[in-house]
Amino acid sequence: MKQPNRLEHGGRIDRDRAIEMQFDGQTLSAFEGDTLASAMLANGLKIVARGFKYHRPRGVFSAGVEEPNALVHLRSGARHEPNARATVVEAYDGLQSTGQNAWPGVRFDISAVNQLLAPFIGAGFYYKTFMGPVKGTAFWMFCEKFIRRAAGMGRAQTVADPDEYEKVNAFCDVLVIGGGPAGLAAAIAAGQCGARVILLEQDACLGGSMLSLPVGGESDACLKAMEATLKGMDNVRILKRTTVFGAYDQDVYGAVERVWDHVEVPPAHQPRQRYWQIRTKQAVMATGAIERPLVFANNDRPGVMLANAVRSYVNRYAVLPGKKIVLATNNDSAYAVAADLVRAGAEVSLLDARVSVPAELFKPLEALGVQLYPGYGILAAKGSRGVSGAKIVLLDENGCARGPSKTIRCDLIAVSGGWTPVVHLWSQRGQKLQFDEQSASFLPLKSASSTLKTAGSANACGDLNQALLQGEVAGQEAAKAVTGVVGVQVNVPRLKEAIYADDWARDLLMIWSVTREDGSTDGKAFVDVQHDVALSDIDLAHREGFVSVEHLKRYTTTGMATDQGKLSNINALARMAQLQALSIPKVGTTTFRPPYTPIAIGAIAGREQGIHFRPTRLTPVHDWHVDNAAVMIEAGAWKRPWYYPEGGETINQAYVREAAHVRKHVGVVDASTLGKIAVQGPDAAEFLNRVYVNAWKKLKIGRLRYGVMLRDDGIVLDDGATARLGENDYFMTTTTANAAKILGYLEHLLQTAWTDLKVHVTSVSDQYAAFAVAGPSARDLLDAVCSGADLSNEALPNNQFVKATIAGVPVRINRMSYSGELAYEVYVASGYAHAVWKNLFKAGASFDIKPYGTESMGALRIEKGHVAGPEIDGRTTLGDLGLAGFASRVKPFSGSVLRHREKLDMASRPTLVGLEIDGDTGGMAGSLIYDQRAQQMGEEQGFLTSTTYSPALKKYISLALLRDGHERFGESVDIVNHVGDTVQTAKVVSPHFFDPEGARQNA
Amino acid sequence: MIRINCPVCGLRDETEFTYGGDASVTRPPIDDTQLSSWMDFVFMRDNPRGEHREFWHHVQGCRQWLVLERNTANHAIGSCTLAAGRGT
Amino acid sequence: MGKYSAFSVFRHALTGNRNWQRAWRDPEPKSAYDVVIVGAGGHGLATAYYLAKEHGIRNVAVIEKGWLGGGNTGRNTTIVRSNYMMPGNTRFYERSLRLWENLSHELNYNVMFSQRGQYGLCHSPAQMDAARRRGNIMRANGIDAQLLSREQVQARLPYIDYSQNARFPIHGSLYQGRAGTARHDAVAWGYARAADGQGVDIIQQCEVLGYLWENGNIVGVETTKGDIKAKKVALAVAGHTGHLAEKANLRLPIETHCLQAFVSEPLKPLVDTVISFGGAHFYISQSDKGGLVMGGDLDGYNSYAQRGGLPIVEHSLASAKALIPGVSRLRLLRHWAGVMDMSMDGSPFITKTPVDGLYLNGGWCYGGFKATPASGWCYAWTIAKDEPHEDNAEFTLDRFERGYQIDEKGAGPQPNAH
């Protein structure tokens, strides 16, 4: 295949490995080592994208992560991804890509008609219109539909990602960020000093800017020597294709490694990307610099590129994107570019905004036949679908045209406005930046950070040898700070002599935009190419008073595109400074935020996806439940059996049957999710006496007691039973939901406040399973299966426990009832739980034992008026829940003071009642209660907390919190479920619907 | 990411801990019946911009409550001690 | 001040957009005002606007340490809703939503309030019950709310994970159709321009260093631009309330915490509404520019640093993928943080303070943006009349002492749990 712009020789591509790729239906021939962008240029593609707002044609602009234009859809199907930067997409055979934000395609795009509207849709126009003729939001929302469709860039797909991601936690002494000359030198030096080093490079190859220098030159030899040195160092770990996206507090860095993103499909069991969380002691920021564009009319045309990007394409990829090239600069770094372009066969005109340039720079170029234009700049690019010429003018000190313009025919315009050191990570750490006049850039304020050092271009060091030296020093110092060893000899390769023209950090002239004499431009002159922000937009923002950088950024959206201002920020600042007659640092800068370059959401999510998004807690009997067809339900992190349908039962049929069965025979529910805390020590009784509202000092060994805890603000926190196992040994249970919280709270009390109490608390939630065995046959069943205990009512009344064995397994049997039936809780070590559970069922066959789930457990407790999560909702008091009688009047307890604040003591508070619902449909929890004489709107009198069908009462019932509830027994109230469009009536009754005397549980 | 030098377990990530708020407040004695002392303890905070002494609970480690000195303006970390050692 | 309209945009375009006027003046402070509002965020600017517009108090300055709208107004995830169920909150937030619905017209500035709806997903029957209660209270107060089944949610939001592989199954959702998103900066700019038009002085780059005192009362502020006398000084500096309250010797039931927000690269329309994930603290919407705007939990510790840590980044992005598996290959463009006044019950303050001459608006937790119009409206009322409007009557400092906590979550006096 023909590649019109590919050079015959050179480049760091593998010419033996020819590949083919697709872009917008067009076949691109390329070689391994290419990027999608270099292949586009090699194949002569000019228009590869369309602008965000005006849909002007756009070409490849850069050769790196800063690319504003060449964003494409990459791959298809489930691996489709939008907004891929062609400049960093590594070429592989079979790569599929398409243009985006254009219809029907990037070469011809209907929306280009927007250009005609440009005067009407400048900065912030949408704030001034679309309000519509009438009140409300309808008109705006109508317009917004079209705006949203037009905005956005790439198209997302909604299919699950088939690829895997991994997360790695890493530790090192010295983290070197950037594998360019300074970074390589730093890694070598730190490694030679004995530090454990991790070196990260975003590119697929080490070398950074050295890769853009001519192949086979002295820098190549130096690079090879450094790579060889590093290869021999086993204390230096090198990760390529890895971008440090953020620097966080305490020297933690986030990085993403694109492990297998340079192929269509990752190999089996390999991740696409890997997220590294790196904790280091010292870091060296050798992140390089990004070249700045110049601003002039039509500077967005395909064929306008960054000068050193063109150099990269020539030297690294052997692609010459133009034959007749106009090169414009305000600094030294374009001179080496010009030389390389001429050697590659191009005809070059070099415009330098500076009038006088050192002979070392221009003499060699004159010899090569470069036409030099000192004091000149580009006023406008010519050509609509690609550059056909450059209108050039002599400039005054403000970048305004001085005298007439003339046009040079050309097919490529390369621009250099100096360099912006990549200081994102520095800024992310909250460190200050200082404006450096010489390089006209914001630089790390020296020695402001003791753990983050900078080296090379990130420091505006423009000379290669200097960069190597800076890297060496930074690496050495970082290692020294960790190891404490001084005076270690290091040996970092160096160039024999500096190349004068390669140093860019000298003599920059702060002219970035070129305008006509009156300050206007000869067409749109873009400051932010990707967001279509022109000089005129910045001028307008200024005129309207958006004078701070933050206001400018937000009003014009400059710097907010996917390059996050990497190219546009300084030019926007310079224009602001000019308009306000201030210096650039006076105008200020915006804060850099992570990520440095966009990162895949999936990479950071890692393995925490789908069912593994959060851990799932399973009880020791989980498998039995699943084997017995239980329908499981979420209970916080737990999965619990909800109900066990028989023969196609619905949930309603199943729970009613299960609950009725418990009241008639015997049932077992898995209560292993309860929080269980061992409270031990000589002061355990005193401790319980303080945290529970009721009294604990007289509880005898072998007894257990129900207790309620309050928060310090007097609101009910939790409830549960605590058993006294021994002299100094108590076994507390908490609700499932609050288990972790209560343990932390108890530890807080003991370790921060009541340090004089000799008590230790330990979670034993995972050590024990618990099963509630409930129903008239419960005792007979346990008698049949247990050994070594007298379970008779006399020997084991309510609120006592015994130790026994089931099939040889030691168990503790608490006599207590949540269901209101004769009931026991069997506690057993988790590892034996399954065996004991199975034994219960084996022995229970003759008692017609059935498992029951949380739904019927709820029905049973509602019939008894026991409160649970829906009632203890973090806002209710003891009084609200009918538990005030539990509170001791004589002893203080946590919450005992604040529970008596004015509103918490008010008599009219909603209190717990029962409702018998009229008719044959159940109430819905969350329905509101209204007085039948009042309208069913406005503030409610109460609400339904927990509802069920009561098999025992054969009617629908509910617990509710109702204002003045206790005084309203017998009253008929309205139940309104607005969101279900139903209104019902109910009778207010005591919440103790069933067996209020407790005869059954005491049987 | 905050990394806390637990006196028991060593330097660990914040994800192993839960935050317990201002450690400068003092819990009133259990038999203190004054509303104001409990109001102060439960609700009122200095909330400084700068040096802050605060509780952290090493829930996924030694389960000790710690007192960490940390600057709320720049996240600089100071000393970290066992809460239990600070007396009542 | 010229009126903004399609016509004005057209007319100015014909003259090369050279004749647009400043959106607001840049005045030097006078020596005295009737009211000095500290903080030119949405709340402070709205307060100034309503003081002038509703109460005729125009001798007002809004002073701002940095640039107007540069704090939480310009850092939040722009969600507007009124799905509150606690007395004291319900009516206040609904007043706010009603003001939002006509705000662009009121201010003659397009704040782009788009009522694209908000889903609060439920992942268990218990969450459905809680959502039903909330929805019923909203409806009982004249606020729109629907409780949707799993099937209804699936029909409307097909891109969410309904598979067996989802860790938190979707049981249904509470839905408020009138909820939506707005353009956050435009709210600050719109109020600033409108307040300026009413004669209010907005003084930027002017930091309050302390207060002017007379007989134990506050009678003005010391600033970096000199002393400014004021009959009333009104704080509207949520996030930094603690700092300024301390200068007035006030201890408050507030902790300052850091909340992060996230935006993806811009995409063609994908999420056309606001979705709150109930399985984790996470919410997502899509801006008009195309970025997926996401938010999660607080970092959890006191912080004024306006930057968060990786644990919440991981938590939030994992939540995004758990909710919408298709976002996996999309890229995060930027994450940032704001600092929040987290109050002890999760609800705000709009009130007089124990110090005469000092008024407080703060404690907004995450809820500040949506509250902006009603906050300004009620605060203006409170300042003008020296007593609260009935809609902010509960937002007092003494509510804790009286046991009137307004705790939407039932989380108790733990600021980072709200």
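In what follows, chains are A, B, ... by sequence order, proteins preceding strands, each numbered from 1. What you are looking at is a predicted structure, and each value in this text was computed from that prediction instead of being measured.
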Flag, side chain of [X] to backbone of [Y], donor-acceptor distance under 3.5 Å:
| X | Y | value |
| --- | --- | --- |
| C/K268 | A/A156 | no |
| C/N141 | A/G938 | no |
| C/D129 | A/P870 | no |
| A/R155 | C/L267 | no |
| C/R329 | A/R79 | yes |
| C/N110 | A/K128 | no |
| C/N17 | A/P119 | yes |
| C/R132 | A/V979 | no |

Could you tell me whether [X] and [Y] have a side-chain N and a carboxylate O separated by less than 4.0 Å?
| X | Y | answer |
| --- | --- | --- |
| A/D981 | C/R139 | yes |
| C/D288 | A/R148 | yes |
| C/R116 | A/E144 | yes |
| A/D539 | C/R18 | no |
| A/E608 | C/K321 | no |
| C/R133 | A/D873 | yes |

Contact check, side chains of [X] and [Y], non-hydrogen atoms, under 4.5 Å:
| X | Y | value |
| --- | --- | --- |
| A/T158 | C/P158 | no |
| C/R307 | A/Y248 | no |
| A/E634 | C/P169 | yes |
| A/I604 | C/V313 | yes |
| A/R593 | C/R334 | yes |
| A/E940 | C/I137 | yes |
| A/R554 | C/W189 | yes |
| A/K903 | C/R402 | no |

Counting heavy-atom pairs closer than 4.5 Å to chain C, which one of [options] comes out on top?
| options | result |
| --- | --- |
| A/G874, A/S520, A/P595, A/G714 | A/P595 |
| A/G132, A/A138, A/G980 | A/G132 |
| A/T129, A/I599, A/T562 | A/I599 |
| A/A160, A/G136, A/S536, A/A635 | A/G136 |
| A/H80, A/K135, A/E81 | A/K135 |

Considering only heavy atoms, which portion of [X] lies under 4.5 Å from any heavy atom of chain A: side chain, backbone, both, or neither?
| X | result |
| --- | --- |
| C/Q127 | neither |
| C/A411 | backbone |
| C/L148 | neither |
| C/S319 | both |
| C/E408 | backbone |
| C/Q405 | side chain |
| C/L323 | neither |
| C/V111 | neither |
| C/D185 | side chain |
| C/H12 | neither |
| C/M112 | both |
| C/H335 | both |

What part of [X] is in contact with chain C, defined as an atom under 4.5 angstrom from a non-hydrogen atom: side chain, backbone, both or neither?
| X | result |
| --- | --- |
| A/Y930 | side chain |
| A/A247 | neither |
| A/Q157 | both |
| A/V976 | backbone |
| A/M141 | side chain |
| A/D905 | neither |
| A/R75 | side chain |
| A/Q277 | side chain |

Legend entry - Check against side chain to side chain donor-acceptor pair (under 3.5 Å), A/T137 and C/Q115: CA-CA 7 Å; A/T137 55; C/Q115 296 181 284; 2.5 Å; yes

Inset, instruction - Would you confirm whether the ring centroid of A/F125 sits within less than 6.0 angstrom of the ring centroid of C/W20? - result: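 Not under 6.0 Å, so no.
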
Legend entry - Output field: ring centroids A/W140/C/F113 closer than 6.0 Å: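 No, ring centres 6.0 Å or more apart.
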
Partner chain A: residue of [options] with the largest heavy-atom pair count (under 4.5 Å):
| options | result |
| --- | --- |
| C/A186, C/P125, C/G308 | C/P125 |
| C/A13, C/S328, C/G412 | C/S328 |
| C/Y159, C/W24, C/F7 | C/W24 |
| C/A140, C/G326, C/G403 | C/A140 |

Inset, instruction - Anything under 30° is parallel, anything over 60° is perpendicular, the rest tilted; go ahead and classify A/F120 against C/F10. - result: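 A/F120 vs C/F10 ring planes: parallel.
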
Inset, instruction - Take the angle between the ring planes of A/H551 and C/W67 and call it parallel below 30°, perpendicular above 60°, tilted in between. - result: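 Perpendicular.
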
Inset, instruction - For A/Y275 and C/L310, run side chain to side chain contact (heavy atoms under 4.5 Å, CB included): C-alpha distance rounded to whole Å, both residues' side-chain angles, the deciding distance at 0.1 Å, then the answer. - result: CA-CA 11 Å; A/Y275 160 42; C/L310 279 171; 3.6 Å; yes

Identify the heavy atoms of [X] and [Y] that sit nearest to each other, and give their distance.
| X | Y | answer |
| --- | --- | --- |
| C/A320 | A/I601 | CB-CG2, 4.4 Å |
| A/R711 | C/P413 | NE-CD, 3.8 Å |
| C/R331 | A/P82 | NH2-O, 2.7 Å |

Legend entry - Worked check of side chain to side chain contact (heavy atoms under 4.5 Å, CB included) between A/R901 and C/Y404: CA-CA 9 Å; A/R901 285 174 293 157; C/Y404 273 78; over 6 Å; no

